[in-house]
Number of protein chains: 2
Amino acid sequence: MRLGQGVEWAAHACALLAAAGEGRGLSLAALAEYHGVPAPYMAKQMQALSKAGLVRTSRGKTGGYALARPADQITLWDVTRALNGSAPLFQCTEIRQQGPCGAPRAECKRPCHIAAAFAQAETAWREALQGVTIADIAAGVGRDSSPQHITEAMHWLGSNLTDLPNR
Amino acid sequence: MRLGQGVEWAAHACALLAAAGEGRGLSLAALAEYHGVPAPYMAKQMQALSKAGLVRTSRGKTGGYALARPADQITLWDVTRALNGSAPLFQCTEIRQQGPCGAPRAECKRPCHIAAAFAQAETAWREALQGVTIADIAAGVGRDSSPQHITEAMHWLGSNLTDLPNR
DNA sequence: CTCAATTCGGATATTTATTATCCGCAATAA
DNA sequence: TTATTGCGGATAATAAATATCCGAATTGAG
């Protein structure tokens, strides 16, 4: 089992958009080029973010993507759910009701203990992701990078930024 | 993304073996029949449990499976890892090093912040599963079942149990 | 001690989901 | 109007999970 790598791409894209600043965005081509990934597939991830309301878009000559709300109000869980869906990791098929000694339906009002345990574990996972925002990620990256690298990246950003209309 | 249903089957099988008692086991055919699942595929799950050392096996005329250690020393994480592997849910492909502004290797000694956040979330998930044992599951099932159902299941167990050699 | 019954174990097809891509349509700014 | 951009559905290629089979090993009975 493995989380789709689209989640990774989308998270990096959000972090980059956070660095772009409020109301400013990047085109799909710029996002794909910055991360060195194929544009058509990156498009799919960005569309998912748009559909989930995490980014806002503008079409046309100066179109592109920008964060729909401040970076400290977008969590990694939001991104994960947008791309990977919110379906539970563990899906109970109620095999306790099958077989020669299957439990009668009357005793199955509450979920199976195994399913309940997995649901609780998944909640712990989700809450951990909800505690990390895109702003946290962006701040961390800035802290780890050398001033030289930051200058280089900011220059690249400056020549690719686009102002999005005030929604 | 979804956890394989083999995990569910294996967890139920372990709970049933816990009810069988110390040193007693069930054949593959019995395990499959009890849960109403195809035997050949159940075999695959049991083999994985055996390979991970969670159950011990005995071949021959009176062979079968039994728990390798007390049920309160086998956690749901053990079962999950045995069947699903211990590979991380989120696999970082280090795209921060790619593209025109790729981070130099010298700044990538520590893991990417996004990967670190997912690793932390996965730890929370793992620790939750480590806190639930097969004994907990078995006790919970017993608590939820009617005396009538328990009697029925115990009778079925009694006519299918097999004593495994003292390893 | 031999043989036959019964089991586990690894290797093998089939099905399903994910990944990756393309092209026509709608929308926007110059 | 026109060039440019994102959106959406449809479509191959790839990986994973599912389901199954047959050989090897072991045990109990004869």
Side-chain angles (χ1 to χ4, degrees), chain A residues 1-10 13 17 25-33 35-66 68 83-85 87 89-91 93 95 160-167, chain B residues 1-10 13 25-33 35-66 68 80 82-85 87 89 91 93 160 162-167:
Chain A
M1 182 186 51
R2 162 173 145 261
L3 208 57
Q5 74 179 25
V7 175
E8 181 186 9
W9 296 6
L17 290 177
L26 291 167
S27 72
L28 171 68
L31 282 171
E33 182 192 350
H35 295 103
V37 299
Y41 194 38
M42 174 61 101
K44 202 181 180 74
Q45 324 303 331
M46 297 311 296
Q47 284 171 20
L49 290 180
S50 171
K51 204 169 182 177
L54 302 183
V55 302
R56 62 195 181 91
T57 67
S58 175
R59 301 205 257 204
K61 205 172 181 72
T62 62
Y65 296 92
L83 279 126
N84 212 20
L89 294 180
F90 180 90
Q91 190 163 357
T93 60
I95 66 173
N160 286 92
L161 273 181
T162 165
D163 283 319
L164 269 75
N166 307 348
R167 69 191 66 184
Chain B
M1 181 186 52
R2 165 172 141 260
L3 208 56
Q5 72 179 26
V7 175
E8 181 186 9
W9 296 7
L26 292 166
S27 72
L28 170 68
L31 282 170
E33 182 192 351
H35 296 102
V37 299
Y41 193 39
M42 174 61 102
K44 198 181 181 79
Q45 325 304 331
M46 297 311 295
Q47 285 170 21
L49 291 180
S50 172
K51 204 170 183 178
L54 301 183
V55 301
R56 61 195 182 92
T57 67
S58 174
R59 299 204 258 203
K61 208 171 179 76
T62 62
Y65 294 93
T80 302
L83 278 124
N84 214 21
L89 294 180
Q91 191 163 357
T93 59
N160 285 91
T162 164
D163 283 319
L164 269 74
N166 306 348
R167 70 192 64 184

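Residue numbers begin at 1 in each chain, while the letters A, B, ... track the order of the sequences.
- Atom CG of A:Leu31 sits about 12.0 Å away from atom CH2 of A:Trp9, to the nearest 0.5 Å.
- Nearer to the 5' terminus of DNA chain C, by closest-nucleotide assignment, is the contact made by B:Lys61 (compared with the other of B:Lys61 and B:Gly64).
- Side-chain contact between A:Leu28 and A:Met42 is present, with at least one heavy-atom pair separated by less than 4.5 Å.
- For the pair B:Gln91 CD and C:dT19 P, the interatomic distance rounds to 12 Å; values are reported in whole Å.
- Put simply, chain B comes within 4.0 Å of DNA chain D, heavy atom to any atom, from D:dT18 to D:dG28, going 5' to 3'.
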Taking Watson-Crick and G-U wobble pairs with both distances under 3.5 Å, convert DNA chain C into its dot-bracket string, 5' to 3', dots for unpaired and | for cross-strand pairs.
||||||||||||||||||||||||||||||

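- Between the CG atom in B:Leu83 and the CD atom in B:Gln47 there is a gap of 11.0 Å [rounded to 0.5 Å].
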After noting the C-alpha distance and the side-chain angles of A:Leu161 and A:Leu26, does the key distance pass the side chain to side chain contact (heavy atoms under 4.5 Å, CB included) rule?
CA-CA 5 Å; A:Leu161 273 181; A:Leu26 291 167; 4.1 Å; yes

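- Positionally, the nearest nucleotide of DNA chain D for B:Asn84 lies more toward the 5' end than for the other of B:Ala43 and B:Asn84.
- A distance of 5.5 Å separates CD in B:Gln5 from OG1 in A:Thr93, rounded to the nearest 0.5 Å.
- One finds a side-chain N or O of B:Thr57 lying less than 4.0 angstrom from the OP1 or OP2 phosphate oxygen of C:dG9.
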Walk me through whether A:Ile95 and B:Glu8 qualify under side chain to side chain contact (heavy atoms under 4.5 Å, CB included).
CA-CA 9 Å; A:Ile95 66 173; B:Glu8 181 186 9; 4.2 Å; yes

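- We find that CG of B:Leu26 is positioned 14 Å from C1' of C:dT7, with the value rounded to whole Å.
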Set out, line by line, the N/O atom pairs under 3.5 Å between protein and nucleotides 20-26 of chain C.
from, atom 1, to, atom 2, distance (Å)
C:dA20, OP2, A:Gln5, NE2, 3.0

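- For the pair B:Met46 CE and C:dG10 P, the computed distance is 14 Å after rounding to whole Å.
- In terms of modelled atom types and a separation under 3.5 Å, the side chain of A:Thr162 and the main chain of A:Thr62 share a donor-acceptor contact.
- B:Arg2 has its CZ atom 12 Å from the C1' atom of C:dT15, to the nearest Å.
- For the pair A:Leu3 CG and C:dA17 P, the computed distance is 18 Å after rounding to whole Å.
- The two residues A:Gly53 and A:Ala68 make their nearest non-hydrogen contact at O-CB, 3.4 Å.
- One distance of note links NZ of B:Lys61 with OG of B:Ser27; it measures 13.0 Å at 0.5 Å rounding.
- One distance of note links CE of B:Met46 with CG of B:Leu54; it measures 9.5 Å at 0.5 Å rounding.
- Between A:Leu17 atom CG and A:Arg56 atom CZ the span is 11.0 Å, to the nearest 0.5 Å.
- Atoms CD (A:Gln45) and P (C:dT19) sit 8 Å apart, rounded to a whole Å.
- Rounded to a whole Å, the CZ atom of A:Arg56 is 19 Å from the P atom of C:dA27.
- Remark on DNA chain D: of its neighbouring residues B:Met42 and B:Gly60, the 5'-side contact belongs to B:Met42, judged by nearest-heavy-atom nucleotide.
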